[in-house]
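Chain A is the first sequence line, chain B the second, and so forth, proteins listed ahead of strands; every chain is numbered from 1.
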Amino acid sequence: MMTTRTRFAPSPTGYLHVGGIRTALFAWLLARQKNGQFVLRFEDTDKKREVEGAREHLIKSLKTLGLEYDEGPDIGGPFAPYTQSERLDSYKKWAKKLIDSGRAYADPYTPEEVQAFRDEARAAKKPFLYRNHRPENPPVWDGTTPLRFKSDPKSYDWHDEVMGDLHTGPEVIDDIVLIKSDGYPTYNFAHIVDDAEMEITHIIRGQEFIASTPNYLNLYEALGIERPAIATVPHIMGPDGNKKLSKRDGAKDVLDYVRDGFLPQALVSFIATLGWNDGTTQEIFTAPELIEKFSLDHVQRSGARFDEQRLTWINGHYIRGLAIDDLYQQAQQFLPGEADTYDENYRKAVLGLVQERLKYFAELPQLTRFFFIDLPVDPALIGSHKQLKKLESTELKNLLEQARAAIETSDFSVADLTDRLNTLLETTGQKPAVLFSLVRIATTQAPASPGLAETLAVLGKETSLRRIDAMLASL
RNA sequence: GGCCCCUUCGUCUAGCGGUUCAGGAUAUUUGGUUCUCAUCCAAAAGAUCGCGGGUUCGAAUCCCGCAGGGGUCACCA
């Protein structure tokens, strides 16, 4: 049996957004599941659109998400090179085959002339077909004009691994450009040659290629190449409407999510289930589970919307499941700058307390700042509290003084603090909503915080008493 | 305009002729978990399965129309 070989073949024209990475993920999953190979190939045949640094960025994106490839531009492999601009000889060789067999010819028209044909078709509200203007006696191709495929228009029935059985008529087949006047091949030609030479068995690509697939089928025949399996996945749509998710509309770089503190495993699970499921009610998958369960025929045929809320939920789920050391390792760089002066144990303790209320790491400064610096006393916290605002400041002061006295002799373990605070509830006859809120506000000056005893235990006696004193002074 | 694809709760989806007056998740709302926020646990609300015909004893599921959305018709990929 042939080993499964899949590829991800981006053009180095920018960063990778969620829609793009999904194609890579599916290809990677398929290769891993079948114990095959996953190949990275750069399709850099349009020099005008190329963006500096895009290659490194693409590689970093794949590696960050754990989609490691077996062969690629930077690591080589048995079919190197893996960059199209370095494979021009291959394309010329295959092009010559077509010329020799009468299946390719020089395009004798100027770009303006072709454009005129196009305008004509558009004015007549008909699809543009170059072959309607196919020259009778084209000149010998000298490499300075486009080389076109002499197509053989016919109907096609083919099977798409995702879309199912597809059919088109001969009217969609045209004389596509194989090699441009600048000497570089078009995607249409290059990917077919490369996939054949690199022994790719499965092509996974976006919906925009479905319309040109019949042309590829025609080309495979002329080249005598057996076509790989083709899987066309739908686009991921933007959150607001029905349009394709695109960089123009603000689709974020996957690395931006990582920068905001989204975990790679959460991104992978989210992207995989955006248009795929295993048929059960399982909602979140680890990479090994995905590798085991993924299948192309469960990929959705309609485009899914990108819902950041769902990603946020999955990320929170993964964060909660992290062991404290893993959490520390991944999250410590997101702590506020003030945290630098505290030791590892203290910072770990803080992370442990906020772990279950963390959706993504970029929230950490806001959630934890009061653990590292004394925030100024904020009267609004009392003023907006529905119980505390009803009390006179002398009452508040009295309560807070009792609280201070109660914890002053504590060893500041969670258990002892809990005991003392509970005893205080009885002796003062106050409800937790009043007493605990007051102490919590005094010691944190934050609208929200983890549980009171836990927070005090981490803050420690000195800090807790100092903040209570500051609060007392302001009442 | 031609051709092609798609259409189930706001969102992601299960469903592949009967066990479904459509199940799960998320989001929303409410209640509980000694204070806040969150977690967790309950519960509520939320889809005439795009519309209209047919086939069938029976259709979200099969067929045909229509509508809406998307893609494509580049010397871009």
Pairing partner of B/A67 (Watson-Crick or G-U wobble, both distances under 3.5 Å):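 Partner of B/A67: B/U7.
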Pairing partner of B/U36 (Watson-Crick or G-U wobble, both distances under 3.5 Å):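 No nucleotide pairs with B/U36.
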Think [X] has a side-chain N or O under 4.0 angstrom from the OP1 or OP2 of [N]?
| X | N | answer |
| --- | --- | --- |
| A/Asn277 | B/A14 | yes |
| A/Lys359 | B/U39 | yes |
| A/Arg118 | B/C75 | yes |
| A/Arg148 | B/C75 | yes |

Is there a donor and acceptor pair closer than 3.5 Å between the side chain of [X] and the base of [N]?
| X | N | answer |
| --- | --- | --- |
| A/Asp307 | B/U26 | no |
| A/Ser181 | B/C75 | yes |
| A/Arg301 | B/C6 | no |

A/Arg310 charged N/C atom sitting above A/Phe270 aromatic ring, 6.0 Å / 45°: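 No cation-pi geometry.
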Among A/Arg7, A/Arg227, A/Arg87, A/Arg205, the one residue meeting salt bridge (Lys or Arg N to Asp or Glu O under 4.0 Å) with A/Asp195: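 Looking at A/Arg7, A/Arg227, A/Arg87, A/Arg205, the match for A/Asp195 under the salt bridge (Lys or Arg N to Asp or Glu O under 4.0 Å) is A/Arg7.
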Plane angle bin for A/Phe294 and A/Trp276 - parallel if under 30°, tilted between 30 and 60°, otherwise perpendicular: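 Judged by the thresholds at 30° and 60°, the geometry between A/Trp276 and A/Phe294 is tilted.
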